[in-house]
Amino acid sequence: MTYDSARAAFADWGVDTEAAIKTLLSIPISVHCWQGDDVGGFERKTGASGGGIQATGNYPGRARNAAELRADLEFAYSLIPGMHRLNLHAFYLDTDETPDRDAIEYRHFATWVDWAKEQGLGLDFNPTFFAHAKADDNLTLSHPDAGIRAFWIEHGRRCREIAARMGAELGSPAVNNIWVPDGSKDIPVDRMAARRRLEASLDAMLAGDLPKTQIIDAVESKLFGIGVEAMTVGSHEFYMGYAIRRGTALCLDMGHFHPTESVADKLSAVALSVDHMLLHVSRPMRWDSDHVVLLNDDLLAMAQELVFADLLARTSIGLDFFDATISRTAAWVLGVRNMQKALLRALLLPQDRLKSAEAALDYTTRLVLTEEAKDLPFAAVWAEVCARANMPTGAALLSDLDAYQASVSGR
Ligand SMILES: C[C@H](O)[C@H](O)[C@@H](O)C(=O)CO
Ligand SMILES: [Mn+2]
């Protein structure tokens, strides 16, 4: 179907495709750097990821340094319509120096900022509380040892300063997301003490106001991880309460809840108590497996909630998956484009008619419209978005992805 016919088909439903395209192109997606190198980071001395997160697979082409990662990202962005962000973890510093985590400084990330300026990207940031000897107990900010807690507090404090400087340099606040792996493999007897220590460490780390125009602090909960099956210190209830008490943003990772829970359903509930939300868009399979996101029901529901609940302006959309069994650049491109397709579909739905039917308790109309709308020509509008950006769709996308993959597979 041509775009003009699609536009007319949507107009019959009272939907303006041009308005939908304009909104879609205004939504930045924060692309996670860690898909490009299997969450390895570029410190010159780390071992395994630890913290219960691990990429599996050995596909050729992993980025081995910041320059390779930037080249891979540039390629990925070249196939993603719109202007986006990069989500950088602290252990992706770009320097010949070997500062420990409690000694990193802005200058160790300056090349990333220069590059982001050149590319017109925003930056987001994350302290890295894993892949380090002082995280080997799967305890960091909640560690019983005050010295270890102090080390991680200093790391987190420095990361906030770095993130704020990035935000200032780029004129767009950096979301600084805090995820710690802390937990217990077997049943603990003093959960309260661990949670009190985490709260106190977070308070120490987040002490001192930084301008909201430069940084948005966020906290990320998790249900469980490998090696911390019995208890995660930073559970959902812990961080939801913390975000409300301390006024931070709350990160909802789609892989960090029980598999039967709908993370989309949480958005409107959380939004009543928390000003800003961060999404880690992911695809858990049986557990927090971080598969590449598909255009599936979970993603469509998430996008629909963002649009219908009018939450786009106060939700940062980040991705969090890593698959080393396929081309890493293809994983990025596919994942981001799927998020965009889901948003576009939500923007193209007859929102007002659906909401009116629901408000009138006319569930028949709501169901019929919902189901019939599934036949609308969304693909033609997406193809138009890509054509205007000079980017391929369909099988032609694969040729571009394959060609780039071939150029890096000798790494
Ligand atoms: C690398 C990320 O910080 C990490 O994936 C975290 O966000 C997470 O989701 C851990 O399970
Ligand atoms: Mn996450």
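Just follow the structure's listing: the first ligand is 1, and inside any ligand the first atom is 1. Since the structure is predicted, the reported quantities are computational estimates derived from the model, not experimental observations. Hydrogens, waters and symmetry mates play no part in the numbers below; they use all other heavy atoms, side chains included. Residues: numbered from 1 along the sequence shown.
- At a cut-off of 2.8 Å, measuring from the Mn ion (ligand 2), the protein N, O or S atoms that fall short of it are Glu220 OE2, Asp253 OD2, His280 ND1, Asp320 OD2, waters left aside.
- Between Asp298 and Arg283 no salt bridge is recorded (no basic side-chain N to carboxylate O distance below 4.0 Å).
- Partners of Glu371 by side-chain hydrogen bond (donor to acceptor under 3.5 Å, both in side chains), not counting sequence neighbours, listed by chain and number: Lys374.
- Interface of His280 with ligand 1, defined as ligand atoms under 4.0 Å from a residue heavy atom, comprises 7 (O).
- Atoms of ligand 1 lying under 4.0 Å from at least one heavy atom of His256, given by number and element, are 8 (C), 9 (O), 10 (C), 11 (O).
- Ligand-side atoms of ligand 1 in range of His89: 1 (C), 2 (C), 3 (O), range being under 4.0 angstrom from any heavy atom.
- In this structure, Asp100 does not pair ionically with Lys134, as no charged nitrogen and carboxylate oxygen lie closer than 4.0 Å.
- The N/O atoms of Asn177, backbone and side chain alike, include none that comes under 3.5 Å of an N/O atom in ligand 1.
- A donor-acceptor contact shorter than 3.5 Å is absent between the side chain of Arg158 and the backbone of Glu105.
- Checking each of Arg411, Arg62, Arg64, Arg328 against Asp72 for a salt bridge (Lys or Arg N to Asp or Glu O under 4.0 Å) leaves exactly one that passes, namely Arg411.
- The distance from ligand 1 to the heavy atoms of Asp288 drops below 4.0 Å at these ligand atoms: 11 (O).
- Using the six-membered ring where Trp is involved, Trp332 and His32 have ring planes that are perpendicular, over 60° apart on the 30 and 60° scheme.
- Under a 4.0 Å N-O distance rule, the pair Glu199/Arg196 does not qualify as a salt bridge.
- Taking 4.0 Å as the cut-off between side-chain N and carboxylate O, Arg160 and Asp217 count as a salt-bridged pair.
- Taking any N or O of Asn126, backbone or side chain, none lies under 3.5 Å from an N or O belonging to ligand 1.
- For ligand 1, the atoms lying closer than 4.0 Å to a non-hydrogen atom of Lys222 are 10 (C), 11 (O).
- Compare Asn87, Thr232, Asp320 by their heavy atoms: the one nearest to atom 4 (C) of ligand 1 is in Asp320.
- A cation-pi geometry, defined here as NZ or CZ lying under 6.0 Å from the six-membered ring centre and within 45° of its normal, holds between Arg70 and Trp112.
- Annotation: cation-pi geometry not satisfied between Arg165 and Phe109 (NZ/CZ under 6.0 angstrom from ring centroid, within 45° of ring axis).
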